[in-house]
Engineer: 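For reference, the structure I am asking about is given below.
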Amino acid sequence: MTKQFLPLSKPALNEDDIAAVSDVLRSGWITTGPKNAELEKQICLLSGAKYAVTLSSATAAMHLTLTALGIGPGDEVITPSLTWVSTINMITLMGATPVFVDVEANTLMTSASLIAPLISSKTKLIIPVHYAGAPVDLDPIYALGKLHNIPIIEDAAHAIGCEYKGRSIGQRGTCLFSLHAIKNITTAEGGVVTTQDAGFAEHIRRLRFHGLAVDAFDREAHGRSPQAEVIEPGYKYNLPDICAVLALGQLQRLDKITQKRTQLARLYQDLLARIPGIKMLSAPDYPHIHCWHLLIIRVDPRIFGMDRDQLIFELKKHGIGAGIHFKAVHLQKYYRENYRFPEHTHLYPLKNTEYNSQQICSLPLFPDMSERDVIYVTTTLAKIFGDTDIEA
Ligand SMILES: Cc1ncc(COP(=O)(O)O)c(C=O)c1O
C-alpha cells in the first residue's frame, strides 16, 4: 500500500467543530454575529487583552491598523523583509515606505539593536514579528519605541498560545493574529486585532464594516441599527459566524494542541541533529513558551549535497509536503524591480535575512501527525542525504 501524502499542515478540527458549523448554518444567522462576539471574548480571556476585534484575515488587520494609525505617503515603517508579503504589500499600498530590518541569524527574529539604527525622522511605526511560534524580544523593542515615541504593532500571526516572559502574546500593546488555515487555531481565513486601547478597538471595529458607527449584534436589526451612519469610509473585512464558530472548540483545546506540537517538534529536534547539513533554529534565550507554529530547518547545500529548492522537490517525490516561511520580500520580483532602499539604510545589509531566505524549509507539523510521521520525514531526509546508516 502506498503511503498517504503527508501535508505541511492540516487543521486540527473534529466532529464537534463540524457540527458547530452546521448549527450556525441552521440558525438563520450565518454572517458576523454571536459567534464572533464569543470568539472576541475568548481571545481576550486567552491573551489577557482588553479588547479583541475579529476580521476576515490578519492582512485585513494590518490594513485597518495602518489606516487607523494614519500611515501614508512620506512615512517609513520598520519591519523585517523575512516575513509574509502581506505586511510589506499593505505598507506599500498605503503609499508608505517599508524599511527592512535584518533578523538574528538563528531565531529569524529582529531585535531592538537591529531596529535602532534604522530609525529616522520619518519612522512612524515598528512592526516586529513573532516567528514560527516563538516570541520576539519585546521589552527592548517597546523601550525603543517609547524613547522615540514610535508605536509598536506586534505581528502575532504565528503566536496564538505563545508567551513572552510569563505573559501571553496579546497582553500588552496591539497585536495582529492570523486564523488562516495553517495557523494553530483556524477559522479557514480570519484574523484578530487585540489591543488595550478602547478607542483604537472602536476604530478598527468601525473600519471593518463600512465605517458605520454601530456594530453590535442585534438579531431584530440584522446586526446593527438601520439608523447607523457612516462616520468615515470603511471596508468590508468582517468574519462570518460560519467561520468564527470553528475557532471556539479549538480554543478550548489550545493547551492540547500546543502540547502535541511541542512533543512532535522535540522529536524532530532529536532526530534532525544527526543529519549533517541540516540546522534547526535556536530558541530565544529569554523565558518563553513556544507554540510551535512552524518547524523550520536550514539546509546547507555545501554539506547536505543539494539546495533547499531541490530538497523540497525530493521530499514531494517521497510524499512529504514542505514550505518556505519566508522568501525575503525585498528579493521578490515587484520589490526587486521597484523598491529603493532609503539612503540611511544602506549601511545595514540584510545579511541574515538573505542567507536564511535561501536555506529555510518548513517541514510537516500539525497535531494530527504521529511520531511515526516525524520518523518518516527524518528518515527520508537521511536517505536523501545519502546516509542510510542514520537510523531515526
Ligand atoms: C508573519 C505573518 N504575518 C501576516 C500574515 C497574514 O495572515 P493572513 O493570511 O491571515 O492574512 C501571515 C500569514 O501567513 C504571516 O505568516
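Whatever order the structure lists them in is the order used to number ligands and atoms, beginning at 1.
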Engineer: Between the side chain of Gln250 and the main-chain N/O of Leu246, is any donor-acceptor distance below 3.5 Å?
Structural biologist: yes

Engineer: Among all protein non-hydrogen atoms, which one is nearest to atom 7 (O) of ligand 1, and what is the separation to 0.1 Å?
Structural biologist: Ala58 CB, 3.3 Å

Engineer: For atom 12 (C) of ligand 1, what is the nearest protein heavy atom, given as residue, atom name and distance?
Structural biologist: Trp84 CD1, 3.5 Å

Engineer: Is Gly190 near ligand 1, meaning one of its heavy atoms is under 4.0 Å from it?
Structural biologist: yes

Engineer: Can you sort out the partners of Glu343 under salt bridge (charged side-chain N to carboxylate O under 4.0 Å, His left out), two or more places apart, ordered by chain and number?
Structural biologist: none

Engineer: Applying side chain to side chain donor-acceptor pair (under 3.5 Å) as the test, list every pair that has at least one member in residues 140-154; sequence neighbours left out.
Structural biologist: His130-Glu154, Tyr142-Glu154

Engineer: Below 30° counts as parallel, above 60° as perpendicular, anything between as tilted: where do the rings of Tyr335 and Phe100 land?
Structural biologist: perpendicular

Engineer: Within a strict 4.5 Å, meaning less than it, do heavy atoms of the Leu295 and Val374 side chains meet?
Structural biologist: no

Engineer: Under a 4.0 Å heavy-atom limit, does Lys183 contact ligand 1 with its side chain, its backbone, both, or neither?
Structural biologist: side chain

Engineer: Is there a side-chain contact between Ser111 and Asp137, using heavy atoms and a 4.5 Å cut-off?
Structural biologist: no

Engineer: Any idea which atoms of ligand 1 are less than 4.0 Å away from a heavy-atom of Phe326?
Structural biologist: 16 (O)

Engineer: Relative to the heavy atoms of Ser86, which atoms of ligand 1 are at a distance of less than 4.0 Å?
Structural biologist: 4 (C), 5 (C), 6 (C)

Engineer: Closer than 4.0 Å to some heavy atom of His158 - which atoms of ligand 1 meet that?
Structural biologist: 1 (C), 15 (C), 16 (O)

Engineer: Which ligand 1 atoms, with their elements, are less than 4.0 angstrom from a heavy-atom of Ser57?
Structural biologist: 10 (O), 11 (O)

Engineer: At less than 4.0 angstrom from any non-hydrogen atom of Asp155, what atoms of ligand 1 do you find?
Structural biologist: 1 (C), 2 (C), 3 (N), 4 (C)

Engineer: Just go through His325, His180, His63, Met62 and tell me whose heavy atom is the nearest to atom 9 (O) of ligand 1.
Structural biologist: His180

Engineer: Flag Ser178 as yes when one of its N or O atoms lies below 3.5 Å from any N or O atom of ligand 1, and as no otherwise.
Structural biologist: yes

Engineer: Answer with side chain, backbone, both or neither: which part of Thr59 has a heavy atom less than 4.0 angstrom from an atom of ligand 1?
Structural biologist: both

Engineer: Against heavy atoms of Thr83, which atoms of ligand 1 measure under 4.0 Å?
Structural biologist: 1 (C)

Engineer: Can we say Arg253 and Asp16 salt-bridge, meaning some charged N sits less than 4.0 Å from an Asp/Glu carboxylate O?
Structural biologist: no

Engineer: A side-chain contact here means heavy atoms from C-beta on lying under 4.5 Å apart; do Val299 and Phe385 qualify?
Structural biologist: no

Engineer: For the pair Glu314 and Lys317, evaluate salt bridge (charged side-chain N to carboxylate O under 4.0 Å, His left out) and give the outcome as yes or no after the intermediate values.
Structural biologist: CA-CA 5 Å; Glu314 284 300 316; Lys317 283 207 295 200; 3.2 Å; yes

